[in-house]
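For reference, the structure is listed below as structure tokens.
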Amino acid sequence: MSDQDKTPVPTVALRGHGGDVPIPQLGYGVWQVPDDEVGPAVTAALDTGYRHIDTAKIYGNEAGVGAALGQSELAADDVFLTTKVWNKDQGYDETLRAFDDSEKRLGRPVDLYLVHWPVPAQDTYVDTFRALLKLRDDGRIRAAGVCNFEIEHLQRVKDELGEFPAINQIELHPYLQQEKLRTFHAANGIVTEAWSPLASGGDVLTDPVIGHIAQRLGKTPAQVILRWHLQIGNVVIPKSVTPSRIAENFDLFGFELTEDDLAAIVPLDRNHRTGPDPKKFG
């Protein structure tokens, strides 16, 4: 398939260096993909049409991601790259050093740098985000954001540093819809990004409500859930190392959920986390 034939992914505007920065709404995540296996997976994602790759220092695969991007015929500007600072590297000076190390492993510029967890007990997330703003204002990254921040953490960043993060990457799926946090995001210009968008492949994929919609549309439950994310405005980063699943997760643009479908998914929320509680983790 030629690049011209690939379906263009919609973008969402992030507050960034020198103005708004477009982030592709559908990205490819590489959590739990070993460094020696991540190259073929990233290559398959790029060949499918993904133009947004999400990694992190703690994933241990930045070098493999960077190598795959470097071997691609795509220009660096054509692929939006995200990485994250890990908990033990938090603090102003520590974060600046951690970013240098991540950039070296990746071997190319980083578009979006994120604070991976707030780790409230450590009480370093404000200084850590201060370092991200320094990187952004110096033009070393295009946008600065966070992951797993609750409202109280976001508000403290705003109160102490004068602005909210551009994006908050959180666990979000039909069983954990995060309505209160998403509403806060929308009111304050923060983009919502969903990790574990399929609830780590758990019961949500066999939920009868999702299954009924999927059957009617001739799509898989995973495609219905990912399409739901897109239609409610989330940036979403599904993960798979299987080329057929990578392609399936990208095939979201030839159908839409109806208003009735969206309404039917709302009651599925059960505040069910597959990952840690951000107020306690770390």
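Numbers for residues simply follow the sequence, beginning at 1.
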Shortest non-hydrogen contact between [X] and [Y], atoms and distance:
X    : Y    : value
G27  : P238 : O-CD, 3.2 Å
D251 : K219 : OD2-NZ, 4.0 Å
P174 : P197 : CD-O, 4.2 Å
A222 : N249 : CB-OD1, 4.3 Å
F129 : P165 : CZ-CA, 3.5 Å
E171 : S196 : CG-CB, 4.1 Å

Begin from the C-alpha positions of I141 and F99 and carry the test side-chain contact (heavy atoms from CB on, under 4.5 Å) through to its verdict. CA-CA 10 Å; I141 60 176; F99 177 79; 3.4 Å; yes

From [atom1] ([X]) to [atom2] ([Y]), nearest 0.5 Å:
X    : Y    : atom1 : atom2 : value
R270 : Q177 : CZ    : CD    : 10.5 Å
T128 : D123 : OG1   : CG    : 10.0 Å
R273 : S200 : CZ    : OG    : 12.5 Å
W86  : T95  : CH2   : OG1   : 13.0 Å
L226 : L26  : CG    : CG    : 7.0 Å
T124 : E94  : OG1   : CD    : 8.0 Å

Is a donor on one side and an acceptor on the other found under 3.5 Å between the side chain of [X] and the backbone of [Y]?
X    : Y    : value
E160 : V126 : no
N234 : V236 : no
E62  : R105 : no
D35  : G64  : yes
E248 : Q223 : no
R51  : L46  : yes
H52  : P24  : yes
D111 : A143 : no
Y125 : V157 : no
N61  : V30  : yes

Kindly work out whether a path of hydrophobic side-chain contacts (I/L/V/M/F/W/Y, heavy atoms less than 4.5 Å apart) joins [X] to [Y].
X    : Y    : result
I23  : L133 : no
V79  : V42  : yes
I237 : L14  : no
L176 : F281 : no
Y28  : L230 : yes

Take a 6.0 Å sphere around [atom1] of [X] and say whether it holds more than 12 heavy atoms from other residues, nucleotides or ligands.
X    : atom1 : value
E152 : CD    : yes
D36  : CG    : yes
E163 : CD    : yes
N271 : CG    : no

Can you tell if the side chain of [X] reaches within under 4.5 Å of the side chain of [Y], non-hydrogen atoms only?
X    : Y    : value
I170 : Q178 : yes
I210 : L268 : yes
V85  : Y113 : yes
I225 : H229 : yes
H153 : P120 : yes
D54  : E193 : yes
W31  : I58  : no
L172 : L181 : no

Under 4.0 Å between a Lys/Arg side-chain N and an Asp/Glu carboxylate O for [X] and [Y]?
X    : Y    : value
R156 : D159 : no
D100 : R140 : yes
D261 : R227 : no

Would you kindly say whether D203 and Y175 are connected by a side-chain donor-acceptor distance under 3.5 Å?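 No, no side-chain donor-acceptor pair sits under 3.5 Å.
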
CA sep, side-chain torsions, deciding dist, call: F80, V235, side-chain contact (heavy atoms from CB on, under 4.5 Å): CA-CA 13 Å; F80 190 97; V235 175; over 6 Å; no

I213 vs I265, test: side-chain contact (heavy atoms from CB on, under 4.5 Å). Steps then yes/no. CA-CA 10 Å; I213 297 170; I265 293 172; 4.2 Å; yes

Do F184 and F149 have ring centroids that are under 6.0 Å from one another?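 Not close enough - the centres of the two rings lie 6.0 Å or further apart.
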
Between K84, K57, R97, H116, which is the residue that forms a side-chain contact (heavy atoms from CB on, under 4.5 Å) with D89?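 When K84, K57, R97, H116 are each tested with D89, the side-chain contact (heavy atoms from CB on, under 4.5 Å) holds only for K57.
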
In sequence, state the C-alpha distance, the side-chain angles, and the governing distance for V241 and E37, and then conclude on side-chain contact (heavy atoms from CB on, under 4.5 Å). CA-CA 9 Å; V241 296; E37 298 177 18; 5.6 Å; no

